[in-house]
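Since the structure comes first, as structure tokens, the remarks are kept for the end.
Within every chain, numbering begins at 1; the chains are lettered A, B, ... in the order of the sequence lines, protein sequences first and strands thereafter.
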Amino acid sequence: MPGVRYARAPTPYGDWWLAWTPAGVCAGADPGWTEERFLAWLRRRLGGGVERGAAGDVPRQIDWRLVPPGFRRDVLAACARIPAGTTMSYAELAAAAGHPGAARAVGSAMATNPLPPVVPCHRVVRSDGRIGEYSAGGPARKAAMLLAEGVEVRDGAVRR
DNA sequence: ATACCGGCTAGCC
DNA sequence: GGGCTAGCCGGTA
């Protein structure tokens, strides 16, 4: 799959690894990943033809090629519409995505989000306000990211 | 089919 | 508030 570029690019949460095609951003990985790890991860999913690009060339659009249509795409697309500085519970996101009652499965979909932090799965928290888990760096990073965009986080929970 | 498993939840102490 | 539980849904082996 030629035409895939990647770079360590600035985000509101620091420099993250991002990958893109002419169609849009298709993958992301947290700052803790080494370049080798991200590259290997990209090649396994997109094939060869992945090359380093310029951080300034990252498109704004999202390229959903790594998210198969269906439940996961529905949920991640709905997640992408959560405004910065706000949060939604797993149950609310399930309903917003057209799958009421699937809160538990939404957690699993977030856990396999291939494009953090572009698809802001860090804005999805538990119904009781507790921060919940975060695959791309753990709950502490999730809390820091929320704080960075103005969400009040106290004792591992957000205001509800 | 069938049996787990996991970024959850509501209900009940 | 805390802790525990059965129930929940979609993914994967």
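Rounded to a whole Å, the CG atom of L93(A) is 16 Å from the P atom of dG7(B). Atom-to-atom, NE2 of H99(A) to P of dC8(B) comes out at 19 Å; the value is rounded to the nearest Å. Rounding to whole angstrom units, CG of residue L76(A) and C1' of dG10(C) are separated by 13 Å. Distance, R154(A) CZ to dG1(C) C1': 13 Å, rounded to whole Å. Rounded to whole angstrom, the span from the CZ atom of R73(A) across to the P atom of dG10(C) amounts to 18 Å. Counting to the nearest Å, the C1' atom of dC8(C) and the OH atom of Y90(A) are 16 Å from each other. Rounded to an integer number of Å, the gap from CZ of R130(A) to C1' of dA10(B) is 13 Å. The distance between atom OH of Y134(A) and atom P of dG6(B), rounded to the nearest whole Å, is 20 Å.
Dashed line: the shortest gap from a side-chain N or O of R104(A) to OP1 or OP2 of dG6(B) is not under 4.0 Å.
Of the residues D57(A), L115(A), V118(A), the one that meets the side-chain contact (heavy atoms from CB on, under 4.5 Å) test with L18(A) is V118(A).
When the nucleotides dG10(C), dT9(B), dG7(B) are ranked by their closest atom to the side chain of F71(A), dG10(C) comes out on top. The side chain of A105(A) lies closest to dG10(C) when the candidates are dG7(B), dG10(C), dC8(B). Taking every side-chain heavy atom of R72(A) into account, dG11(C) is the closest of dG7(B), dG6(B), dG11(C). Taking only side-chain atoms of C121(A), from C-beta outward, the nucleotide of dG6(B), dT9(B), dG7(B) with the closest atom is dG7(B). Each of dG7(B), dC8(B), dT9(B) was ranked by its minimum atom distance to the side chain of S89(A); first place goes to dT9(B).
Base contact: S108(A) has a heavy atom under 4.0 Å from a base atom. Among the heavy atoms of the strands lying under 4.0 Å from A111(A) is at least one base atom, whether or not backbone atoms are also near. Using a 4.0 Å heavy-atom distance criterion, V124(A) is classed as a base contact.
Taking for each of P100(A) and T112(A) the nucleotide of DNA chain C with the nearest heavy atom, the 5'-most of the two is the partner of P100(A).
Side chain of T86(A) to main chain of I82(A): no donor-acceptor pair is present (N/O by atom type, distance under 3.5 Å, no hydrogens or angles). K142(A) contributes no side-chain N or O that, together with a main-chain N or O of A136(A), makes up a donor-acceptor pair within less than 3.5 Å.
The nearest pair of heavy atoms linking R43(A) to V50(A) is NH2-O, 3.6 Å.
dC4(B) is paired with dG11(C) under the criterion used here, namely a Watson-Crick or G-U wobble arrangement in which both key atom distances are under 3.5 Å.
For the pair R8(A) and E35(A), the salt-bridge criterion is not met [side-chain N within less than 4.0 Å of a carboxylate O].
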